[in-house]
Amino acid sequence: MLTRQEQAKQRWGGAHQAIDTWLHERQRLLIEYFKLAGLPPYDSDSSALPAHEDIRHFCGLLVDYVSAGHFEIYDQIIANSSHAPKETEELANELFPLISETTEVALAFHDQYGESVDEAHLNDFDRHLSGLGEALELRMEFEDRLLHTLEQHQLL
C-alpha cells in the first residue's frame, strides 16, 4: 500500500490542490495504519494492542480521508466527467459503488473503535484492522483507476 501511495504522489501530485491534500491525507492514514498493525517499517510487539489514543487518532484520520474522497475529490471527478468521454463516466459509475462499500467498512471500524474502545471488542481488533486494511487497499486501487482515467483524458 505504501508503494502504491508513493507512486500516486509522484504521478498525480501537483495536478490539483485538492488531490495533493487528499494524497497527503492518504499517506498519513497509511502510516498510522502500518503503525497500528505493527507492520514494517513500524514493527511493534505483536502481542500488544495499540494504545487507545493511537486507535482514536487513527479513526479520526480515517474519517477525514473517506470524507475528503466523497465530498471533495469525487465531486471534482464528477464535474470533470461531464467534459470527458463516456468511458470516464462509465468507469466512475462502476467504481463509486465499490468505493462506497469500502467507506462502509471504514465507518464501521470507526463506530467500533473511534470514540471509546470497549475492552470486549479488543479481542477482534486485529481481525477488524486486517479487514479494514483490505478495504483500504481496494479503495486506493479504485481511486487510482479514476485518477489514471482522468489523467489520460487530460482532465487533471
Side-chain angles (χ1 to χ4, degrees), residues 1-42 50 54-115 117 121 124-156:
M1 281 193 289
L2 287 174
T3 301
R4 173 184 294 278
Q5 169 61 19
E6 191 56 41
Q7 291 168 345
K9 278 180 52 180
Q10 289 175 0
R11 186 168 188 171
W12 297 298
H16 191 280
Q17 178 60 38
I19 290 174
D20 288 347
T21 301
W22 179 56
L23 289 173
H24 177 73
E25 287 179 12
R26 186 161 105 168
Q27 182 170 358
R28 286 181 49 214
L29 176 70
L30 286 174
I31 289 169
E32 293 305 315
Y33 175 85
F34 274 63
K35 286 179 181 178
L36 279 185
L39 297 172
Y42 305 102
D54 294 338
I55 295 170
R56 282 193 298 276
H57 173 70
F58 171 77
C59 286
L61 292 174
L62 180 63
V63 169
D64 289 348
Y65 172 70
V66 297
S67 297
H70 280 286
F71 300 113
E72 294 174 35
I73 302 304
Y74 305 150
D75 287 344
Q76 181 74 31
I77 290 170
I78 290 167
N80 286 343
S81 292
S82 64
H83 306 295
K86 185 141 180 75
E87 67 188 47
T88 302
E89 183 180 347
E90 290 170 356
L91 179 65
N93 289 336
E94 171 194 340
L95 293 181
F96 285 157
L98 299 172
I99 290 171
S100 290
E101 289 177 18
T102 68
T103 299
E104 293 302 319
V105 173
L107 294 178
F109 186 90
H110 177 271
D111 290 348
Q112 185 89 35
Y113 300 104
E115 294 301 317
V117 180
H121 292 117
D124 293 327
F125 180 79
D126 288 338
R127 184 174 54 82
H128 291 155
L129 187 64
S130 177
L132 175 63
E134 291 171 12
L136 290 173
E137 189 166 8
L138 277 175
R139 180 188 191 95
M140 290 175 195
E141 178 185 325
F142 300 147
E143 292 168 344
D144 290 352
R145 283 179 60 194
L146 285 171
L147 290 172
H148 175 74
T149 299
L150 292 175
E151 177 188 49
Q152 282 184 316
H153 298 294
Q154 300 175 340
L155 299 171
L156 283 182

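Residue numbers count from 1 along this sequence.
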**Message:** Determine whether Arg26 and Glu143 satisfy the following criterion, salt bridge (charged side-chain N to carboxylate O under 4.0 Å, His left out), listing intermediate values before the conclusion.
**Reply:** CA-CA 11 Å; Arg26 186 161 105 168; Glu143 292 168 344; 3.0 Å; yes

**Request:** For side chain to side chain contact (heavy atoms under 4.5 Å, CB included), just list the numbers for Leu147 and Trp22, CA-CA rounded to whole Å, side-chain angles, deciding distance to a tenth of an Å, and then say yes or no.
**Result:** CA-CA 12 Å; Leu147 290 172; Trp22 179 56; 3.5 Å; yes

Please give me the minimum heavy-atom distance between [X] and [Y], naming the atom from each residue.
{"X": "Ala92", "Y": "Pro97", "result": "O-CD, 4.4 Å"}
{"X": "Leu36", "Y": "Pro50", "result": "CD2-CB, 3.3 Å"}
{"X": "Phe109", "Y": "Phe125", "result": "CZ-CE1, 3.7 Å"}

**Request:** May I have the step-by-step check of side chain to side chain contact (heavy atoms under 4.5 Å, CB included) for Leu95 and Arg145, ending in yes or no?
**Result:** CA-CA 9 Å; Leu95 293 181; Arg145 283 179 60 194; 3.6 Å; yes

**Message:** Restricting to salt bridge (charged side-chain N to carboxylate O under 4.0 Å, His left out), what partner residues turn up for Glu104, sequence neighbours left out?
**Reply:**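 Listed in chain order: nothing, the list is empty.
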
Are [X] and [Y] close enough that some pair of their side-chain heavy atoms sits under 4.5 Å apart?
{"X": "Arg28", "Y": "Asp64", "value": "no"}
{"X": "Leu138", "Y": "Ile99", "value": "no"}
{"X": "Leu107", "Y": "Leu62", "value": "no"}
{"X": "Tyr113", "Y": "Leu132", "value": "no"}
{"X": "Arg56", "Y": "Glu115", "value": "no"}
{"X": "Val66", "Y": "Thr102", "value": "no"}
{"X": "Arg139", "Y": "Leu98", "value": "no"}

**Prompt:** Between Tyr33 (side chain) and Leu129 (backbone), is there a donor-acceptor pair under 3.5 Å?
**Reply:**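 Here the side-chain-to-backbone pair exists.
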
**Prompt:** Do side-chain atoms of Ser130 reach the backbone of Asp126 as a donor and acceptor pair under 3.5 angstrom?
**Reply:**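 Not at all, since once roles are kept as given, no pair shorter than 3.5 Å links the two residues.
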
**Request:** For the pair Lys35 and Asp54, evaluate side chain to side chain contact (heavy atoms under 4.5 Å, CB included) and give the outcome as yes or no after the intermediate values.
**Result:** CA-CA 9 Å; Lys35 286 179 181 178; Asp54 294 338; over 6 Å; no

Atom [atom1] in [X], atom [atom2] in [Y]: separation rounded to 0.5 Å?
{"X": "His110", "Y": "Thr103", "atom1": "NE2", "atom2": "OG1", "result": "13.5 Å"}
{"X": "Phe96", "Y": "Phe142", "atom1": "CZ", "atom2": "CZ", "result": "12.5 Å"}
{"X": "Glu25", "Y": "Ser67", "atom1": "CD", "atom2": "OG", "result": "9.0 Å"}

